[in-house]
Asks: 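Shown below is the structure under consideration.
Letters A, B, ... mirror the listed sequences (proteins, then strands); counts begin at 1. Reckoned from all heavy atoms, side chains included, excluding hydrogens, waters and symmetry mates. Only a predicted model underlies this, so the values are computations on that prediction, with no experimental measurement involved.
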2 protein chains.
Amino acid sequence: MDIETKFTALLRDRNLKATPKRLELLSVVANYNSAIPYSEIQNKLHHFDRVTLYRTLNAMLDGGIIHKASVSSDEVYYAMCREYCTSECHNHKHVHFKCLQCLEVSCVDVTNPIQIQIPNVVIKQVEIEVSGVCEKCI
Amino acid sequence: MDIETKFTALLRDRNLKATPKRLELLSVVANYNSAIPYSEIQNKLHHFDRVTLYRTLNAMLDGGIIHKASVSSDEVYYAMCREYCTSECHNHKHVHFKCLQCLEVSCVDVTNPIQIQIPNVVIKQVEIEVSGVCEKCI
DNA sequence: AAAATAAACGCAACTATGTTGCAATTAAGG
DNA sequence: CCTTAATTGCAACATAGTTGCGTTTATTTT
């Protein structure tokens with residue numbers, strides 16, 4: 001099964017039409033080596049109407065196909081979901097790491113599972129944003 | 001030492017002039033029972049010029065007097081820094097918890113220190129954003 | 001206590017993203 | 001191929017981010 005067919009299946013599974021724009025957006029996000037900044041998506045898809053990009057991204061987020069990977073309220077980054085996510089539940093088991101030097105953001109699996117406990121509180125979701133210097137920039 | 005004197009000292013320590021506006025902003029942030037949403041700051045300080053609020057907030061963030069406490073790219077929340085922070089290093093040992101019901105955001109100390117390790121990477125900062133249901137809303 | 005100075009402030013202006021409505025277009029199923 | 005419901009583009013509006021500049025003010029110096 002080629003990549004385009006895979007994206008089409010992914011979309012149809014979420015009751016989203018597999019339009020050329022959506023397939024194009026997905027290939028842009030998926031082919032980026034790390035989490036892709038919003039501005040970079042815009043660059044690559046400058047022929048998209050601004051609102052279309054906005055709505056397409058929202059549809060993908062809603063469908064649990066991509067997720068946001070922002071670190072400390074900077075520009076928003078996007079990445080493909082690896083696990084099966086839904087609108088309500090983006091349950092990633094990874095952390096987001098941003099290199100302060102090259103500004104690259106990536107999804108990193110953590111070996112030791114992080115256990116966070118807060119008394120008298122029901123925890124639904126935990127997002128961990130790590131920043132520092134990546135291997136290439138040390 | 002009363003609170004206003006304390007804020008004045010806090011500002012001067014960072015080479016920031018202790019102006020009425022800055023003291024007012026600090027008292028608004030400090031008197032809020034949890035992390036205060038940006039919109040709430042605006043409400044309470046509607047007599048501030050928009051740019052002044054923007055610049056004042058930035059100065060406080062820069063000086064390590066307040067910090068952002070956003071959870072998942074929603075509205076930005078602000079809270080007083082408890083530790084001694086600087087522009088480069090906001091080293092909080094707490095996590096940010098957002099109740100999905102009442103939308104209140106608070107800084108929570110975690111008893112068990114979170115140890116995150118990523119191979120071949122220098123970690124400078126870790127932000128943990130937790131969302132769920134708070135005690136009052138259960 | 002008054003003057004000097006460097007910072008803070010308000011205003012105008014511009015940029016960018018978020019968001020909605022509506023008409024035109026198009027994907028998907030029969 | 002035709003129907004229909006979803007998607008797209010355009011226009012329009014809202015709000016936050018950001019900069020420059022002239023005026024005001026907090027703090028220092030005389």
Asks: Please pick, from D/dA12, D/dA26, C/dA28, the nucleotide with the shortest atom-to-atom distance to any side-chain atom of A/R50.
Replies: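 From the listed options, D/dA12 comes nearest.
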Asks: With the side chain counted from C-beta on, respond yes when B/Y77 and B/S70 share a heavy-atom pair under 4.5 Å apart, and no when they do not.
Replies: no
Asks: Could you check how far CG of A/D62 sits from C1' of C/dT19, rounded to whole Å?
Replies: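 Taking atom C1' of C/dT19 as the reference, CG of A/D62 is at 15 Å.
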Asks: Please state how far atom CG in A/L57 lies from atom P in C/dA16, giving the value in whole angstrom units.
Replies: 17 Å
Asks: Taking side chain as C-beta onward, heavy atoms only, is A/L61 less than 4.5 Å from A/I66?
Replies: yes
Asks: For a quick test of reading the model, state the closest non-hydrogen atom pair linking B/K17 to B/L11 and the distance between them.
Replies: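 Of all heavy-atom pairs spanning B/K17 and B/L11, the closest is O-CD1, 4.2 Å.
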Asks: With a 4.0 Å limit, can you tell me whether B/T19 has a side-chain N or O closer than that to the phosphate oxygens OP1/OP2 of C/dA7?
Replies: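 Checking C/dA7 against B/T19, no side-chain N or O comes under 4.0 Å of OP1 or OP2.
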Asks: Ignoring hydrogens and angles, tell me if any N or O in the side chain of A/R22 forms a donor-acceptor pair with the backbone of A/A59 under 3.5 Å.
Replies: no
Asks: Under 3.5 Å, is there a donor-acceptor pair between the A/E127 and A/H67 side chains?
Replies: no
Asks: Tell me: CG of B/D49 to P of D/dG22, nearest whole Å?
Replies: 17 Å
Asks: Of the candidate nucleotides C/dC9, D/dA26, D/dT8, which contains the atom at the shortest distance from the side chain of A/T56?
Replies: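 Of the candidates, D/dT8 comes closest.
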Asks: From the set D/dC13, D/dG17, C/dA27, return the single nucleotide nearest to any side-chain atom of B/Y54.
Replies: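 Shortest atom-to-atom distance from the side chain points to D/dG17.
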Asks: Could you state the atom-to-atom distance from CG of B/L53 to C1' of D/dT15 in whole Å?
Replies: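 Interatomic distance, CG of B/L53 to C1' of D/dT15: 13 Å.
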Asks: Counting only side-chain nitrogens and oxygens, does B/K21 get under 4.0 Å of the OP1 or OP2 atom of D/dA26?
Replies: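 No, outside the criterion.
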Asks: When we call it a touch if two heavy atoms are under 4.0 Å apart, what does A/A59 touch: a base, just sugar-phosphate, or nothing?
Replies: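 The residue A/A59 makes no contact with any strand.
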Asks: Over how many whole Å does the gap from A/R12 atom CZ to C/dA28 atom C1' extend?
Replies: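 Distance check: A/R12 CZ to C/dA28 C1' gives 7 Å.
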Asks: Let me spell it out: for each of B/Q42 and B/K17, pick the nucleotide of DNA chain D with the closest heavy atom. Which residue's pick is nearer the 5' end?
Replies: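 Its nucleotide being nearer the 5' end, the pick is B/Q42.
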Asks: Consider the side chain of B/V51, meaning its heavy atoms from C-beta on, and name the nucleotide among C/dC11, D/dT7, D/dA26 that approaches it most closely.
Replies: C/dC11
Asks: Reckon B/R55 touches a base, only the sugar-phosphate, or nothing at all at heavy-atom distances under 4.0 Å?
Replies: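 Base, at least one base atom sits under 4.0 Å.
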Asks: Find the distance A/L45:CG to D/dT8:P and express it as a whole number of Å.
Replies: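 Atom CG in A/L45 sits about 12 Å away from atom P in D/dT8.
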Asks: Check whether any side-chain heavy atom of A/K44 lies under 4.5 Å from a side-chain heavy atom of A/N31, and answer yes or no.
Replies: no
Asks: Classify B/F48 by what it touches in the nucleic acid, base, sugar-phosphate, or nothing, heavy-atom distance under 4.0 Å.
Replies: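 No contact at all - B/F48 keeps every heavy atom at 4.0 Å or more from the nucleic acid.
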Asks: Please pick, from C/dC11, C/dA27, C/dT17, the nucleotide with the shortest atom-to-atom distance to any side-chain atom of A/Y38.
Replies: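 Minimum distance to the A/Y38 side chain belongs to C/dT17.
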Asks: Check the distance between D/dT18's P and A/E75's CD and give it to me in whole angstrom.
Replies: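 Distance check: A/E75 CD to D/dT18 P gives 12 Å.
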Asks: Whole-Å distance between D/dT7 P and A/E24 CD?
Replies: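 So the two atoms are 17 Å apart, to the nearest Å.
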Asks: Using a 4.0 Å heavy-atom cut-off, does A/T52 contact any base of the nucleic acid, only the sugar-phosphate backbone, or nothing at all?
Replies: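 Base contact.
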Asks: Starting at the 5' end of DNA chain D and moving along, which residue's nearest nucleotide shows up first, B/S39 or B/A18?
Replies: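 Result: B/S39.
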